[in-house]
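Below you'll find the structure, written out as structure tokens, and then a few comments.
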Amino acid sequence: MTDPVPVRVRFAPSPTGHLHVGNARTALFNWLFARQKRGTMILRIEDTDLERSQPHFEGQLVADLKWLGLDWDEGPDVGGRFGPYRQSERLLIYRQHAEKLLSTGKAYLCFCTEQELEQERARAAREHRQPIYSGKCRSIDPGESARRRAAGDSCAIRLRIPEHPIGFDDIVHGPIEFSSEVISDPIILRSSGMPVYNYVVVIDDALMKITHVIRGDDHLSNTPKQVSLYQALGWPVPQFAHLSTILGSDRERLSKRHGATSIANFRDLGVLPEALRNYLALLGWAPSGGTREIFSLEELIQEFSIERVTPSPAVFDVEKLYWLNRHYIKESPSRRLDALALPYYARSLGLGPLDEAGSNYSVSPQISIWLEKVTRLLIPAVDRLDQLPEKASLIFSYDAKAALESPENLEVLGWRQTDAVLTRITVKILEDEAARENQLTAEGFKKMVNEVKAETGAKGKELFHPIRIALTGAHSGPEFDKLIPIFEEGSHLPLPRHVLSVRERIEQFSRARLS
RNA sequence: GGCGCUAUCGUCUAGGGGUUAGGACGGAAGAUUCUCAAUCUUCAAACCCGGGUUCGAUUCCCGGUAGCGCUACCA
């Protein structure tokens with residue numbers, strides 16, 4: 001089944017900060033729908049709230065959307081036939097249509113002051129009535145209100161809500177109906193001449209020929225007002241699809257309190273865009289059958305269906321996001337990972353950023369090859385890239401004293417065989433030709449360990465744990481086969497912070513042990 | 001307060017008048033490994049409550065409860 005009218009959808013954020021995951025999900029669903037239907041995706045900036053909107057936030061928003069892999073066919077940066085795409089540049093359009101509504105009698109001038117309205121609301125609350133506008137100015141003769149306006153009386157323009165139920169068929173919620181008694185005549189143009197959100201959104205959506213309004217369900221209760229605006233203007237009403245709210249783990253609306261909530265936050269934590277995208281798609285949507293979890297972009301476009309979106313709110317589960325991220329990290333070509341990982345190592349290695357944003361670093365090919373080995377060693381233990389430096393601390397930083405004092409190591413250090421193992425391995429390393437040159441190989445080291453095994457009778461944990469403590473500071477960690485060459489190679493590199501070789505480590509350790 | 005939306009394992013969800021209510025994350029246990037991580041296997045874990053309708057409701061209807069949203073000259 002194909003739509004006779006080509007699909008046009010829009011994502012319309014307010015530039016008030018970084019893109020939030022809830023909005024990102026809305027953007028993604030719009031985008032998937034547009035791409036699947038071979039329709040048009042539009043970016044529109046809702047910057048009528050001058051207090052909160054700031055121009056540089058628009059750039060952030062665009063960057064965040066692009067990072068997620070989304071694009072658009074019309075928008076402030078790419079243009080289009082239905083522009084401008086910033087509401088602040090459309091004020092004249094809003095005023096013109098407000099006057100038209102006024103002249104057709106669909107709207108009227110309201111001379112009530114804010115204080116009067118405030119009192120009205122307070123009285124209604126006291127008398128347990130609905131605090132909706134009384135309709136006081138509804139029946140002022142148009143001629144008279146025009147005269148009062150001309151005379152300079154301050155006034156706003158209100159839409160006349162018809163006295164019959166207003167309903168619409170929501171794609172995700174089904175039919176919804178509101179009694180007109182609960183909808184007061186909304187102000188569409190403030191006395192200041194600035195239009196109100198619920199009005200501009202309709203003007204823009206209609207003029208931009210939006211066919212499907214896919215947005216958060218916080219707009220659900222405002223929709224009847226908007227529907228009657230379309231009707232007052234004689235314009236076709238688009239299809240609505242209201243997406244459920246994303247909640248935090250406490251089932252409250254997701255906010256900064258819950259930690260990372262913006263796209264930029266997750267990017268900085270080392271979450272890959274395809275992981276976040278995949279996770280967001282699964283929040284409130286599942287494919288038919290519901291057993292698949294991993295979707296490429298192409299598969300999402302293929303499989304996505306707005307009709308299958310669930311109406312119930314969803315808790316944002318970072319653990320599942322990180323699980324998906326681990327999956328995509330494992331799938332990533334190592335060249336990509338190496339580039340992505342570099343900024344995370346930079347601080348612990350004492351590298352300085354090349355640019356002001358602190359995201360560009362450069363290292364010699366030699367160092368780069370070595371870091372690739374480090375990444376390959378550590379990546380299985382990680383589900384976010386920002387965990388890399390901590391995991392790498394066993395290579396980058398070594399503290400013999402801390403290793404001996406760590407409560408975690410106490411038990412191992414107290415084992416019957418530990419002293420013998422440590423003494424033997426120390427002697428062997430210190431006497432070894434290759435180790436003296438910081439050129440010990442994995443094979444060479446293995447041989448020493450085997451000798452210690454034979455000489456002490458220690459095996460398994462009792463053999464390996466003490467040695468690992470001496471060399472890395474922790475009793476468990478990656479295999480020595482990979483670790484030893486990394487230590488030795490690292491020690492030869494011209495890094496701002498020196499990486500200790502096997503010999504250097506064992507020297508520091510035995511000094512600390514004997515003191 | 002009014003109106004609206006929502007309700008399946010802890011979480012995301014599939015399903016749907018008769019099912020052993022399926023999958024995934026997380027959890028637990030085991031296998032593997034010197035250890036940790038990863039990986040693999042197994043296990044535990046759910047239809048909000050009350051009324052209808054029906055031979056039979058978790059599924060359909062109504063009510064309650066709870067959560068969320070809207071109720072502005074905010075967006």
Side-chain angles (χ1 to χ4, degrees), chain A residues 12-14 16 46-49 51-53 87 110 112-114 117-118 121 124-125 127-133 154-158 170 172-174 176-179 181-184 186-198 200-201 216-225 242 244-245 247 249 251-253 279 282-294 308 310-324 326 330 377-383 391 412 449 453 458-469 474-480:
Chain A
S14 297
T16 55
E46 309 219 316
D47 56 354
T48 47
D49 184 355
E51 304 245 317
R52 286 193 286 167
S53 299
Q87 291 186 330
C110 175
C112 299
T113 64
E114 282 193 64
L117 295 172
E118 186 62 44
R121 269 196 297 272
E127 294 169 10
H128 302 290
R129 286 182 294 110
Q130 305 227 39
I132 67 170
Y133 176 60
S154 170
C155 61
I157 301 180
R158 273 187 200 271
D170 192 275
V172 337
H173 294 274
I176 300 172
E177 195 175 80
F178 292 80
S179 155
E181 281 144 51
V182 299
I183 310 166
S184 56
I187 285 183
I188 58 175
L189 205 70
R190 289 184 257 253
S191 50
S192 65
M194 282 299 283
V196 162
Y197 169 79
N198 275 307
V200 301
V201 73
D217 70 357
D218 46 333
H219 296 280
L220 199 55
S221 299
N222 286 324
T223 307
K225 286 179 186 175
H242 285 98
S244 68
T245 322
L247 308 174
S249 47
R251 296 217 138 256
E252 289 199 34
R253 187 167 229 203
Y279 179 70
L282 256 20
L283 259 195
W285 172 81
S288 174
T291 55
R292 259 182 85 195
E293 309 284 337
I294 307 290
R308 290 188 59 84
T310 31
S312 53
V315 173
F316 193 90
D317 179 7
V318 287
E319 290 307 321
K320 185 151 182 181
L321 168 62
Y322 296 154
W323 169 75
L324 276 165
R326 183 158 61 226
K330 275 189 289 186
L377 179 75
L378 301 175
I379 213 79
V382 138
D383 52 24
K391 300 282 179 193
V412 176
V449 173
K453 184 181 179 181
K459 57 180 191 319
K461 287 186 188 184
E462 37 186 30
L463 175 65
F464 281 90
H465 280 204
I467 298 176
R468 188 174 273 108
I469 288 173
H475 60 73
S476 61
E479 296 155 34
F480 284 122

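We name chains A, B, ... by the order of the sequence lines, and we start the count at 1 in each one. Basis for what follows: all heavy atoms, side chains included, without hydrogens, waters or symmetry-related copies. Owing to the predicted nature of the structure, the values given are computational and were not obtained by experimental measurement.
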Donor-acceptor contact present, side-chain A:R308 to main-chain A:A286, <3.5 Å:
yes
Mind checking the P distance from B:U58 to B:U33? Whole angstroms is fine.
49 Å
Nucleotide forming a Watson-Crick or wobble pair with B:C25, both distances under 3.5 Å:
B:G10
Return the 5'-most residue of the pair A:T245, A:P195 with respect to RNA chain B, ranking by each residue's nearest nucleotide.
A:T245
Complementary nucleotide for B:G17 - Watson-Crick or wobble, under 3.5 Å
none
So do A:W323 and A:Y279 actually touch side chain to side chain, heavy atoms under 4.5 Å?
no
Heavy atoms under 4.0 Å is the rule here; annotate nucleotides 30-44 of chain B 5' to 3' with B where the base is hit, S where only the sugar-phosphate is, and - elsewhere.
----BBBSSS-----
How many whole angstroms separate atom CD1 of A:I183 from atom C1' of B:C70?
11 Å
Could you check whether A:L247 gets within reach of a base, just the sugar-phosphate, or nothing at all, counting any heavy atom under 4.0 Å?
nothing
Can you check the A:H242 NE2 to B:C70 C1' distance for me, whole Å?
11 Å
Nucleotide nearest A:L283 when distance is taken to its side chain, options B:C12, B:C68, B:C70
B:C12
CD on A:E462 to CD1 on A:I467, rounded to 0.5 Å
11.5 Å
Heavy-atom distance under 4.5 Å between the side chains of A:E46 and A:V201, does that happen here?
yes
Can you check whether A:L321 reaches A:F316 side chain to side chain, under 4.5 Å on heavy atoms?
yes
So which nucleotide from B:C25, B:C73, B:A75 ends up closest to the side chain of A:I187?
B:C73
State the pairing partner of B:C47; accept Watson-Crick or G-U wobble contacts with both distances under 3.5 Å, and report none otherwise.
none
Do A:T245 and A:D217 pair up side chain to side chain, a donor and an acceptor below 3.5 Å, judged on atom types alone?
yes
Over all strands shown, is A:C112 touching base, sugar-phosphate only, or nothing at heavy-atom distances under 4.0 angstrom?
base
Distance between C1' atoms of B:A38 and B:G18 (Å, rounded)
44 Å
Would you indicate what A:T310 reaches in the nucleic acid, counting non-hydrogen atoms under 4.0 angstrom: base, sugar-phosphate, or nothing?
sugar-phosphate
Return a single string for nucleotides 2-9 of chain B, one symbol per nucleotide in 5' to 3' order, where B is base contact, S is sugar-phosphate-only contact and - is none, cutoff 4.0 angstrom on heavy atoms.
SSSSSS--
With heavy-atom distances below 4.5 Å as the criterion, would you say the side chains of A:I188 and A:V196 are in contact?
no
Got A:K225 and A:F178 here, is their nearest side-chain heavy-atom distance under 4.5 Å?
no
Remember a base hit wins even if backbone is also touched, and classify A:S14 as base, sugar-phosphate or nothing at under 4.0 Å, heavy atoms.
sugar-phosphate
Gap in Å between the two C1' atoms, one belonging to B:A46 and one to B:U20, rounded
15 Å
Whole-angstrom distance between B:A7 and B:G15, as gauged at atom P
13 Å
Rounded to whole angstrom, note down the C1' distance from B:C12 over to B:C49.
24 Å
Is a donor on one side and an acceptor on the other found under 3.5 Å between the side chain of A:H242 and the backbone of A:D170?
no
In this structure, how many angstroms lie between the C1' atom of B:G26 and the CG atom of A:D383, rounded?
12 Å
Whole-Å distance separating the OH atom of A:Y279 from the P atom of B:U11
12 Å
If we ignore hydrogens and angles and just use 3.5 Å, is the side chain of A:S179 paired with the main-chain N or O of A:E181 as donor and acceptor?
yes
Taking atom P in both B:G50 and B:U65, compute the distance separating them and give it to the nearest angstrom.
15 Å
Take the protein atom CG of A:D317 and the nucleotide atom P of B:U11, then report the distance between them rounded to whole Å.
10 Å
Base-pairing mate for B:A37 - Watson-Crick or G-U, with both contacts under 3.5 Å
none
Identify whether any heavy atom of A:H219 sits under 4.0 Å from a base atom; if not, whether one sits that close to sugar-phosphate; answer base, sugar-phosphate or nothing.
base
P gap between B:G10 and B:A44, integer Å:
15 Å
Base, sugar-phosphate, or nothing: which does A:G216 touch, judged by heavy atoms less than 4.0 Å apart?
nothing
Could you give the CD-to-C1' distance, from A:E293 to B:G26, as a whole number of Å?
13 Å
How far apart are the closest heavy atoms of A:L377 and A:P478, and which atoms are they?
CD1-CB, 3.7 Å
My understanding is that a pair needs two contacts under 3.5 Å, Watson-Crick or G-U wobble. By that rule, which nucleotide pairs with B:G4?
B:C68
What nucleic acid atoms does A:D218 come within less than 4.0 Å of, heavy atoms only: base, sugar-phosphate, or nothing?
sugar-phosphate
Go ahead and name the base partner of B:U32; Watson-Crick or wobble counts if both distances stay under 3.5 Å, otherwise write none.
none
Strand partner of B:U54, provided both Watson-Crick or wobble distances fall under 3.5 Å
none
A:L189 CG to B:A72 P, straight-line distance once rounded to whole Å
18 Å
How far, in whole Å, is B:C73 from B:G69 if one measures between their C1' atoms?
22 Å
A:I157 has an atom CD1; how far is it from atom P of B:A72, in whole Å?
20 Å
Please tell me if the side chains of A:L247 and A:P313 come closer than 4.5 Å, counting only heavy atoms from C-beta onward.
yes
